[in-house]
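In this text the structure is predicted, and so the values were computed from the model without any measurement. Order of listing sets the numbers, starting from 1, for every ligand and every atom in it. Numbers for residues simply follow the sequence, beginning at 1.
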Amino acid sequence: MASADLVGSPGEEERKHTVVRTSELTKRYGSETVVDRLGVTVRRGEIYGFLGLNGAGKSTTMKMLLDLARPTAGGVTVFGLGLAANRARILPRIGSLIESPSYYGHLTGEENLEIVRILKKLPQAEIDRVLGVVRLTENRRKPVRNYSLGMKQRLGLAMALMGSPELLILDEPTNGLDPSGIQEIRDLIVRLPSRFGMTVLVSSHLLSEVEQMADTVGIIDQGRLLYEGALRDFRDRGWLRIAVADSASAASVLRRAGWRVTTASEGELALPLHPDEQIARVVRILVGAGTQLYRVEVRRRTLEEVFLQITGEASDEKPVPA
Ligand SMILES: Nc1ncnc2c1ncn2[C@@H]1O[C@H](COP(=O)(O)OP(=O)(O)OP(=O)(O)O)[C@@H](O)[C@H]1O
């Protein structure tokens with residue numbers, strides 16, 4: 001049975017809203033499982049941040065989405081079509097930048113794009129368009145070997161944008177760039193859905209980066225999907241930090257009253273975030289028990305804290321109540 005057959009038959013809704021869906025997607029190299037029954041869903045018009053430490057399986061997954069690696073098991077649906085049986089219909093609608101861009105250093109940016117243009121049978125004007133999008137118009141006649149790393153990466157992005165693909169798959173596009181290069185690439189990516197109606201799947205091992213670009217995040221570790229959801233949901237979750245003179249006795253006062261409390265550090269309590277009325281109750285209980293209360297603050301979780309918690313590396317100094 002072809003692996004695509006494992007993917008459920010896509011309905012009209014699926015076609016409309018879902019651009020990529022993987023089902024039980026698995027890749028093994030020898031005895032090593034590098035992608036493990038992965039089920040991700042990328043929706044139309046969103047920027048999906050694929051986040052994981054180095055070696056988590058991001059590149060391998062992206063290669064399977066582009067038919068550059070064959071799944072050991074499971075399937076991939078793109079634009080509502082099973083990839084295994086519909087490569088010729090799907091792949092021309094995807095642009096990609098996997099690892100570092102391939103270009104000829106002795107040719108100019110324009111000449112490199114000309115090669116892609118001929119391969120994809122696109123009109124001449126497409127070169128001008130993508131050069132404009134990535135802001136390389138002024139440097140179009142320079143040999144690429146004289147480009148900065150950031151310019152080379154923008155050229156790679158321009159190549160991926162040739163022909164206005166509906167889906168763009170970018171593997172660590174800011175890797176190795178300096179802060180201004182990172183900013184440039186990030187700004188370009190963020191605007192793609194609204195400017196061109198594109199859907200973007202972008203991987204990163206940098207939490208701060210995903211946080212600044214993505215609508216949805218998928219966290220992968222050792223080939224497994226640990227979390228998939230709106231980035232907003234992470235930010236909205238948080239906890240209360242209460243600074244008191246004696247945290248041990250204040251914690252036992254609250255626990256006796258039925259509250260879930262952890263001692264964040266000497267002199268500090270941490271509670272899950274509650275609505276304001278409940279915070280007022282907590283304060284009343286503490287003050288009523290004679291606690292010296294110095295400060296009550298709401299702390300939002302950073303993506304990094306969420307990530308550390310999910311990957312089981314959270315330290316005890318950073319309690320993250322559910
Ligand atoms: N062709 C291959 N043969 C054998 N093992 C491979 C192959 N490609 C990748 N791997 C292994 O699969 C695992 C996942 O690699 P992958 O490149 O997908 O991770 P990643 O999350 O993209 O990380 P990175 O950002 O470091 O590329 C790694 O342990 C890697 O060594």
Side-chain angles (χ1 to χ4, degrees), residues 3 19-42 47-78 83-84 87 91 94-103 149-150 152-154 156-157 159-160 167-179 181-182 185-186 189 199-214 216-229 231 234 303-304 306-313:
S3 50
V19 171
V20 177
R21 188 162 70 92
T22 70
S23 164
E24 298 279 316
L25 187 64
T26 302
K27 181 71 181 178
R28 279 191 282 275
Y29 287 114
S31 61
E32 198 190 353
T33 302
V34 299
V35 175
D36 194 359
R37 289 163 289 149
L38 198 75
V40 298
T41 306
V42 181
I47 298 182
Y48 185 108
F50 201 29
L51 181 65
L53 303 172
N54 288 334
K58 306 179 297 292
S59 303
T60 306
T61 303
M62 289 178 147
K63 285 179 188 160
M64 287 193 283
L65 300 183
L66 290 161
D67 199 38
L68 298 171
R70 194 58 59 86
T72 309
V76 175
T77 310
V78 187
L83 179 61
R87 289 184 189 92
L91 296 176
I94 308 179
S96 66
L97 181 52
I98 299 286
E99 284 147 12
S100 38
S102 19
Y103 49 77
L149 210 57
K152 285 175 184 157
Q153 204 66 0
R154 268 148 58 209
L157 193 56
M159 289 173 168
L167 169 64
L168 204 57
I169 297 183
L170 306 172
D171 191 13
E172 306 256 7
T174 59
N175 228 1
L177 300 185
D178 62 18
I182 291 175
I185 292 281
R186 198 193 286 143
I189 293 172
T199 305
V200 182
L201 171 60
V202 54
S203 73
S204 180
H205 63 280
L206 293 175
L207 310 147
S208 51
E209 187 151 286
V210 167
E211 212 166 19
Q212 289 178 59
M213 281 193 288
T216 299
V217 64
I219 299 180
I220 181 174
D221 187 48
Q222 294 177 23
R224 294 206 191 103
L225 189 70
L226 299 181
Y227 175 89
E228 182 177 75
L231 195 56
F234 281 161
L303 186 54
E304 180 148 30
V306 175
F307 184 79
L308 289 174
Q309 187 201 16
I310 291 177
T311 52
E313 292 173 25

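Crowding of Arg224 atom CZ: a count of heavy atoms from other residues, nucleotides or ligands under 6.0 Å not exceeding 12. More than 12 heavy atoms of other shown residues, nucleotides or ligands fall within 6.0 angstrom of atom CD in Glu228.
Numbered from 1 in the order shown, with element, the atoms of ligand 1 that lie under 4.0 Å from a heavy atom of Glu172 read 25 (O). For ligand 1, the atoms sitting less than 4.0 Å from at least one non-hydrogen atom of Leu53 are 21 (O), numbered in the order shown with element in parentheses.
Residue-to-ligand polar distances keep Asp171 apart from ligand 1: every N/O pair is separated by 3.5 Å or more. Taking any N or O of Val34, backbone or side chain, none lies under 3.5 Å from an N or O belonging to ligand 1. The distance criterion of under 3.5 Å between nitrogen or oxygen atoms is met by Asn54 with respect to ligand 1.
Closest protein heavy atom to atom 29 (O) of ligand 1: Glu32 OE2, 3.4 Å. The protein heavy atom nearest to atom 28 (C) of ligand 1 is Gly55 O, 4.1 Å. Nearest protein heavy-atom neighbour of atom 18 (O) of ligand 1: Thr60 OG1, 2.5 Å. Looking only at heavy atoms of the protein, atom 8 (N) of ligand 1 is closest to Tyr29 CE1, 3.5 Å.
Shortest non-hydrogen contact noted between Leu65 and Leu91 is O-CD2, 4.4 Å. The nearest pair of heavy atoms linking Thr72 to Arg28 is OG1-N, 2.8 Å. Heavy atoms only, all atoms of each residue included: Ser96 and Leu66 are closest at CB-CD1, 3.6 Å. Minimum heavy-atom separation, Ser204 to Glu209: OG-OE2, 3.4 Å. Of all heavy-atom pairs between Gly218 and Tyr48, the closest is CA-OH, 3.3 Å. The two atoms that bring Thr41 and Arg21 nearest to each other are OG1-CG, 4.1 Å, heavy atoms only.
Between Leu157 and Pro173, the closest side-chain pair of non-hydrogen atoms is not below 4.5 Å. Two residues are said to be in side-chain contact when any heavy atoms from C-beta on lie closer than 4.5 Å; Glu211 and Val217 fail this criterion.
Between Asn175 and ligand 1 there is no heavy-atom distance shorter than 4.0 Å. Put simply, no part of Met62 is less than 4.0 Å from ligand 1, judged by heavy atoms.
In the candidate list Ser204, Gly52, Ala69, Gly57, Gly57 is nearest to atom 21 (O) of ligand 1, counting heavy atoms. Ranked by closest heavy atom to atom 17 (O) of ligand 1, the top entry among Ser59, Ala56, Gly223 is Ser59.
Of all the heavy atoms of His205, none lies under 4.0 Å from any atom of ligand 1, so neither backbone nor side chain is involved.
In this structure, atom 31 (O) of ligand 1 has no protein heavy-atom contact shorter than 4.0 Å.
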